[in-house]
Participant: 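Dumping the structure here so I can ask a few things about it.
Sequence lines set the chain letters: A, B, ... in the order given, protein chains first and strands last, and positions in each chain run from 1.
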Number of protein chains: 2
Amino acid sequence: MMILGLVRWMQPVHGYDVRRELLSWNADRWANVQPGSIYHALRKLTQEGLLREVATEQVGARPARTTYEITAKGEDEFETLLRGLWWRLHEPQDPFAAAFSFLPALPRDEASAALRNRANQLRAGVEWMRSSLNSDWLRTTKPVHVAWMFELWTDRAEVEIAWCERIAGRIDEGLPYLPEGLDKAQGWTAWEERLPERGSTLE
Amino acid sequence: MMILGLVRWMQPVHGYDVRRELLSWNADRWANVQPGSIYHALRKLTQEGLLREVATEQVGARPARTTYEITAKGEDEFETLLRGLWWRLHEPQDPFAAAFSFLPALPRDEASAALRNRANQLRAGVEWMRSSLNSDWLRTTKPVHVAWMFELWTDRAEVEIAWCERIAGRIDEGLPYLPEGLDKAQGWTAWEERLPERGSTLE
DNA sequence: AGCGTATTAGACAAGTTTGACTAGAGCGGC
DNA sequence: GCCGCTCTAGTCAAACTTGTCTAATACGCT
């Protein structure tokens, strides 16, 4: 749990603060933490004894806000959790991989176009990160490892851009999807490539 | 929904078949589909009219199995879903990124050791994929784009290996985590680096 | 024949995540 | 002075995931 770690260094915090911090990191994209989950997580962690409620103040007639703090037990748990994430390889789950595995369901020209489009979107992302890396904002107000993280992301993106172009090229070349000798045998019939003629199955 | 796509080309299938196929792809790792979710998904898709029950046969006294098939509406929905995944960039969510953002919570030597260890695990993965790529099994019985997928994964892994070593080096060098002038001001105190003295907070 | 184990299909409850909603406060513009 | 908008802080039901359980059959082994 990411939340635990955040509370750990923002102590004492209330849920809304955590939420803002997470959003400012865009963490809703690369961690599985949507604003809605935060309060549930806080309560669950408290009930497990990893967090402790510290105060419940109310400003004006706004919703009361509860402030949390980490306990010794929570500190401990956080460490083992963190170590687990650092030492064990958890492959990230990639929605595009899922989509790509259905490649033959798309007409060839669309597939290669989409890949090139993807390459461009990645390029835009790289561009944005590059400019962040050169900005004073990042260099002077954020810990250095944020920049390191960006480095990883740009590196990955660059490799993926190259891959997209390469694969798009192969698709354009018309390389067959299925290996020889397995062409239509073996129940792969349903894999049958979407041919460029449209309008037959629609409707 | 991935399930929808699977049903689409295995028609007609029953849940258990889908499950096996998913497991054989190791899809429980890179898609968010655990065996348990399948039956629920099938029922939900049926109820939404994207799938249709085709038969419910029973072999012996085993649990009855229900066979599904995709409907025209499902076909349609699958296409828009697929297009969404192909054309729009959805960043994968990476648990390691989450862990890495808490870098200062780990002693430097452990952090760099973990990074090098990660590099090695990645190397092992690359190795495995390489040998798969050269195996006949993959070349003769699987569609070509499976191999292409592997290419992406190995490329990504290689970049990440380099990154791990690079960052581990920087950590060893003792580069400070926080930028100048922000050293301990600004409430970053809690970020304070874990010093190598152990045993104080333990227990 | 007898025994242990793997396979087949799926049910199910418990736990998580999510998006939508609430309702007052402050604030800028006209 | 008032209107509309965004910000604050959090609730909530609905949807989704997950791990675990069942219970019969088949299969290998001695």
Participant: Among the candidates D:dC7, C:dG10, D:dT11, find the nucleotide nearest to the side-chain atoms of B:Tyr39.
Facilitator: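 Looking only at heavy atoms from C-beta outward on B:Tyr39, the closest nucleotide is C:dG10.
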
Participant: Holding to side-chain hydrogen bond (donor to acceptor under 3.5 Å, both in side chains), I want the full list of residues that pass it with A:Ser112, two or more places apart in sequence or in another chain.
Facilitator: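 With neighbours one apart ignored, the set is A:Asp172.
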
Participant: Quickly work out the B:Arg20 CZ to C:dA9 C1' distance and round it to whole Å.
Facilitator: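 Those two atoms, CZ and C1', are 11 Å apart.
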
Participant: Figure out the CD/C1' separation between A:Glu57 and D:dT8, and round it to whole Å.
Facilitator: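 Roughly 13 Å, once rounded to whole Å.
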
Participant: In the structure I gave you, are the side-chain heavy atoms of B:His14 and B:Tyr68 within less than 4.5 Å of one another anywhere?
Facilitator: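 B:His14 vs B:Tyr68: side chains apart.
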
Participant: Show your working on ring pair (Phe, Tyr, Trp, His ring centres under 6.0 Å) between B:Phe102 and A:Trp9 and close with a plain yes or no.
Facilitator: CA-CA 10 Å; B:Phe102 291 111; A:Trp9 74 273; 7.7 Å; no

Participant: If you compare every side-chain N and O of B:Tyr16 against the phosphate oxygens of C:dG10 (OP1, OP2), does one of them come in below 4.0 Å?
Facilitator: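 Result: no.
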
Participant: Which whole-number value in Å describes the distance from A:Leu23 CG to C:dT18 C1'?
Facilitator: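 Atom CG in A:Leu23 sits about 14 Å away from atom C1' in C:dT18.
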
Participant: Please give, in whole Å, the distance from C:dA25 P to A:Arg65 CZ?
Facilitator: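 A:Arg65 atom CZ is separated from C:dA25 atom P by 15 Å.
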
Participant: Which residues pass the side-chain hydrogen bond (donor to acceptor under 3.5 Å, both in side chains) test with B:Asn120, sequence neighbours left out?
Facilitator: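 By the side-chain hydrogen bond (donor to acceptor under 3.5 Å, both in side chains) rule, B:Asn120 matches B:Arg123.
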
Participant: Measure from CD on B:Glu53 to P on C:dG10 and round the result to the nearest Å.
Facilitator: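 Those two atoms, CD and P, are 10 Å apart.
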
Participant: With B:Ala64, which residues qualify under side-chain contact (heavy atoms from CB on, under 4.5 Å), at least two apart?
Facilitator: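 Result, side-chain contact (heavy atoms from CB on, under 4.5 Å) vs B:Ala64: B:Thr56, B:Gln58.
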
Participant: Using a 4.0 Å heavy-atom cut-off, write out nucleotides 16-21 of chain D from 5' to 3' as B (base contacted by protein), S (sugar-phosphate only) or - (no contact).
Facilitator: SBBB--

Participant: A:Arg88: which residues meet the side-chain hydrogen bond (donor to acceptor under 3.5 Å, both in side chains) condition with it, sequence neighbours left out?
Facilitator: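 Once residues adjacent in sequence are excluded, A:Arg88 has no partner under the side-chain hydrogen bond (donor to acceptor under 3.5 Å, both in side chains) criterion.
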
Participant: Taking only side-chain N and O atoms of B:Arg43, does any of them lie within less than 4.0 angstrom of OP1 or OP2 on C:dA11?
Facilitator: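 The answer is yes; a side-chain N or O of B:Arg43 sits under 4.0 Å from OP1 or OP2.
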
Participant: Would you mind reading off the distance between B:Leu42 atom CG and C:dA11 atom P, rounded to a whole angstrom?
Facilitator: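 Rounded to whole Å, this separation is 10 Å.
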
Participant: With sequence neighbours excluded, what pairs up with B:Trp87 under the side-chain hydrogen bond (donor to acceptor under 3.5 Å, both in side chains) test?
Facilitator: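 Checked B:Trp87 against side-chain hydrogen bond (donor to acceptor under 3.5 Å, both in side chains); matches are A:Glu110.
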
Participant: Who are the side-chain contact (heavy atoms from CB on, under 4.5 Å) partners of A:Ile38, not counting sequence neighbours?
Facilitator: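 Only A:Ile3, A:Val18, A:Arg19, A:Leu22, A:Val33, A:Leu42 meet the side-chain contact (heavy atoms from CB on, under 4.5 Å) criterion with A:Ile38.
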
Participant: What is the bend of the helix from C:dA1-D:dT30 to C:dC30-D:dG1 when you compare the axis at one end with the axis at the other, using five pairs each and rounding to 10°?
Facilitator: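 Its terminal axes enclose an angle near 30°.
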
Participant: Return each pair, listed once, that meets side chain to side chain donor-acceptor pair (under 3.5 Å) where at least one residue sits in residues 32-43 of chain B; pairs must be two or more places apart or across chains.
Facilitator: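 Passing the test, one end in residues 32-43 of chain B: no pairs.
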
